[in-house]
There are 2 protein chains.
Amino acid sequence: MSGAGQVKKANADSGAKPDAPRRSLAFAAGAPIYRIGAPGLAWRVERGSVRLDADGHSSEACFASLSLPGDIIGSESMLFGSYAFSASALTHCELSPWPEGAPAAEGNSLLRSLAASQRRAAELVALRGGEALKRVTGLIRIMAGAVSEDCTANVVLPTRKDIADITALRLETVSRIIKHLERSGMLHPVRVEGVHATRSFAVNFSQFAG
Amino acid sequence: MSGAGQVKKANADSGAKPDAPRRSLAFAAGAPIYRIGAPGLAWRVERGSVRLDADGHSSEACFASLSLPGDIIGSESMLFGSYAFSASALTHCELSPWPEGAPAAEGNSLLRSLAASQRRAAELVALRGGEALKRVTGLIRIMAGAVSEDCTANVVLPTRKDIADITALRLETVSRIIKHLERSGMLHPVRVEGVHATRSFAVNFSQFAG
DNA sequence: CGCATTTTTGATACACGTCAATCTCCGTGG
DNA sequence: CCACGGAGATTGACGTGTATCAAAAATGCG
């Protein structure tokens, strides 16, 4: 979603040995990664965030899942030969082919990604109920990842529209809430090269309620 | 949840050969199946519906997932040795140990249950956004399972409270919507032995909007 | 038959959705 | 360098779909 991101794909480590398989691919925020029904590989999200969309019966994509670093996406193609969801980059992200090692003897790896998938699904479910403020702060916490000792972290958020789709709110509501969090001092806009000024924040978790 | 269901467990096929492993276990509506943190097996839902709950930081369980016939639950215990969610019966249900065959060489089976888990998660996400009426009819459609040629099926629904937890609505809202569906002729109460009169319906899908 | 649980119904309030205008940020081209 | 235009974000005013609170009715069970 989020309209206009150009399809800038790039090989992340172009300096690698020529015979080695590609290590990872980078996608700009908003860029499509793969489309439902298309054939392709499974991927591991190395950095950034990815949005999965199910088949909205018309052309409008409907949000299905969120994937963060460590998550596996597109594994259904190993079974069906094609993707069951569309994927697009919520923020700048890097993916690497999965599984990386031997294709067999990965039973435990599958089990791990199954467990991870279920935990992520439970988090998503939680993000779509309860009051709007908690949904948005919940998403921010999940996307922030590692938090330093002083309860501080940096986040790059998706567009307001994408946050709205994830939390089942409206973009205007999300905008109001994020502005409110800024004014409360929980979020500080941070300018990062190449990232929209409205999407990169320093978060102060000590002020978070939950 | 739905409070009071007693813990009536029973071996479903008590007449089986004595040396054969247990085939399946039955649970009454509302009965707890296993608790988060406890050790145990993975199960396949054969009939009925199961609710999974994550760790609500106080004692109140918070809805995490819904499992229907064919779904695998508790597979995380194969990895961690204990359950990551609590499970309880939404309706009368039967479970059988999983995997049933040889414990190894199940790679494909894991892949299938991973794909199924992701599809189910996407359905759940869809049930928690949009207008209340569509959420409830969406859940009814999912729980109805097989639909006959004349667009008719039978469903046994969970309590209003459980439906509310699944759809992120309030129990009063759910009650109003179901009554509305009854009066519109989309739902007909059906009395079934052993099931609460307010939870068993014949559904007429031809009158459903979506 | 009487109690506990679940469901239904009503009245009212508010959080969020909706509609619409404006503003900021950026890239593009004159 | 500045005018222009588009995408995303912000803000305001207003409406409404659900939540909330409260009480009665139905259902199931001992």
Name all residues meeting the side chain to side chain donor-acceptor pair (under 3.5 Å) criterion together with B/Glu46; count only those two or more places apart in sequence or in a different chain, and write none if there are none. B/Arg44, B/Ser96
Which atom of A/Ser75 lies closest to which atom of A/Ala42, heavy atoms considered: CA-CB, 3.7 Å
Taken to the nearest whole Å, CZ/A/Arg199 to P/D/dT10 is 10 Å
A/His180 NE2 to D/dA9 C1': how many Å, rounded? 18 Å
So, applying side-chain contact (heavy atoms from CB on, under 4.5 Å) with A/Arg160, which one of A/Thr173, A/Leu169, A/Thr198 is it? A/Thr198
Taking atom C1' of C/dT7 as reference, at what distance in whole Å does atom CD1 of B/Ile163 sit? 11 Å
Using C1' atoms of five pairs at each end, report the bend of the helix from C/dC1-D/dG30 to C/dG30-D/dC1 rounded to 10 degrees. 40°
In whole Å, I'd like the distance from the CG atom of A/Asp162 to the C1' atom of D/dA9. 14 Å
Can you name the salt bridge (charged side-chain N to carboxylate O under 4.0 Å, His left out) partners of A/Arg47, sequence neighbours left out? A/Glu94
Rounded to whole Å, how long is the line connecting atom NZ of B/Lys161 with atom P of C/dA4? 21 Å
Have a look at B/Phe201 and tell me which of B/Leu157, B/Ile140, B/Val156 forms a side-chain contact (heavy atoms from CB on, under 4.5 Å) with it. B/Leu157
Side chain to side chain donor-acceptor pair (under 3.5 Å) partners for B/Thr91, two or more places apart: B/Ser49
To the nearest angstrom, the CD1-P distance between B/Ile178 and C/dT7 comes to 8 Å
Test of understanding: with side chain to side chain donor-acceptor pair (under 3.5 Å), list the residues that count as partners of A/Arg170, not counting sequence neighbours. none
To the nearest Å, how far apart are A/Leu181 CG and D/dT10 C1'? 15 Å
Would you mind checking if A/Glu131 and A/Lys134 are paired as a salt bridge, meaning a charged N to carboxylate O distance below 4.0 Å? no
Nucleotide by nucleotide, 5' to 3', does protein get under 4.0 Å of the base (B), only the sugar-phosphate (S), or neither (-) in nucleotides 12-27 of chain D, counting heavy atoms? BB----SSBB------
